[in-house]
Amino acid sequence: MGKNAINIENLEALIKACSAERDDLDIIFSVIQKIEAYHSAIVEMEARLKIYSDAWDREEKQEWFSSLDNNRTKCHNGVISAVSMLNKLAAKKGIGPIFDGVVSEEKPYRRILADAVFDYFDKIIAERI
């Protein structure tokens with residue numbers, strides 16, 4: 001597993017290590033939910049801007065963009081916080097990091113982490129049952 005990627009083996013080891021601890025499993029699941037919320041915020045922002053762009057006047061477009069961008073940023077920050085929490089839980093269990101890159105709200109790290117979690121979800125979808 002390369003740097004700046006979700007380490008699937010460590011994540012699976014963490015899930016196994018937490019299998020008897022419902023609170024820890026809830027933390028892991030909440031990370032997945034935060035990633036999905038971020039993904040949804042991006043899709044909504046891009047879709048609305050493409051679909052409605054010509055229908056909105058300049059002021060409406062700016063209002064929508066501002067609102068959608070704020071939501072996307074809030075969700076992105078939630079992912080960053082959640083992955084940090086997941087790495088701490090893994091360390092507590094004696095497992096290597098789930099994400100071994102820099103977990104930070106600073107650029108370019110925030111984008112690198114976002115790309116890593118989306119790559120991970122692409123793999124989940126590609127390998128679904």
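Because only heavy atoms are used, hydrogens play no part in the values below, and waters and symmetry mates are left out as well, while side chains stay in. One-based numbering along the sequence shown.
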Side chain proximity check, F99 to I112, heavy atoms < 4.5 angstrom:
yes
Using a 4.5 Å cut-off on heavy atoms from C-beta on, say whether the side chain of E63 contacts that of E59.
yes
Is there a side-chain contact between V31 and K34 (heavy atoms, below 4.5 Å)?
no
Rounded to the nearest 0.5 Å, the CE atom of M85 sits from the CD1 atom of I27 at a distance of 6.0 Å
Heavy-atom distance under 4.5 Å between the side chains of D100 and N7, does that happen here?
no
Parallel, tilted or perpendicular: rings of Y38 and F118 (30°, 60°)
parallel
Could you tell me the separation between the CH2 atom of W56 and the CZ atom of R48, rounded to the nearest 0.5 Å?
6.5 Å
Shortest non-hydrogen separation from A5 to A116 and the atoms involved:
CA-CB, 4.0 Å
Under the 3.5 angstrom rule, does the side chain of S19 hit a backbone N or O of K16 as a donor-acceptor pair?
yes
Show, in sequence, the C-alpha distance, side-chain angles and deciding distance for I125 and R128, and conclude whether the side-chain contact (heavy atoms from CB on, under 4.5 Å) test is met.
CA-CA 5 Å; I125 291 170; R128 71 185 180 277; 3.1 Å; yes
Going through the distances and angles, do Y109 and V103 end up as a side-chain contact (heavy atoms from CB on, under 4.5 Å)?
CA-CA 7 Å; Y109 306 113; V103 180; over 6 Å; no
List the steps and the verdict of side-chain contact (heavy atoms from CB on, under 4.5 Å) for E9 and L14.
CA-CA 9 Å; E9 294 81 20; L14 179 61; over 6 Å; no
Considering all heavy atoms of both residues, which atom of D57 and which atom of E60 are nearest to each other, and what is their separation?
OD1-N, 2.7 Å
Pair K93 + E21: basic N to acidic O under 4.0 Å
yes
Determine yes or no for a side-chain-to-main-chain donor-acceptor pair under 3.5 angstrom, with E127 supplying the side chain and I124 the backbone.
no
Rounded distance [0.5 Å steps], CD1 in I15 versus CG in N10
11.0 Å
Exam field: side chain S84 to backbone I80, donor-acceptor pair closer than 3.5 Å
no
Please examine the side chains of L89 and C18, heavy atoms only from C-beta on, and report whether any two atoms are closer than 4.5 Å.
yes
Which distance, rounded to the nearest 0.5 Å, do you find between the OH of Y52 and the NZ of K61?
14.5 Å
Side-chain donor or acceptor of R111 paired with backbone N/O of P108 under 3.5 Å:
no
What distance separates I95 CD1 from L86 CG, expressed to the nearest 0.5 Å?
9.5 Å
Return the NZ to CG distance between K92 and N87, rounded to the nearest 0.5 Å.
14.0 Å
Find out if a path of hydrophobic residues (ILVMFWY) with successive side-chain heavy-atom gaps under 4.5 Å connects I42 to V117.
yes
Check whether any side-chain heavy atom of Y120 lies under 4.5 Å from a side-chain heavy atom of L11, and answer yes or no.
yes
When every non-hydrogen atom of G96 is compared with those of A90, the smallest separation belongs to O-CB, 3.5 Å
Mind checking whether F65 and L49 have side chains closer than 4.5 Å, heavy atoms only?
yes
Does L113 reach the side chain of H76, with side-chain heavy atoms less than 4.5 Å apart?
no
Does CG in D54 sit with more than 12 non-hydrogen atoms of other residues, nucleotides or ligands closer than 6.0 Å?
no
Are I28 and I8 connected into the same hydrophobic cluster when the rule is that any two of I, L, V, M, F, W, Y join if their side-chain heavy atoms are below 4.5 Å apart?
yes
side-chain contact (heavy atoms from CB on, under 4.5 Å) evaluation trace for H39 with V43
CA-CA 6 Å; H39 181 267; V43 169; 3.8 Å; yes
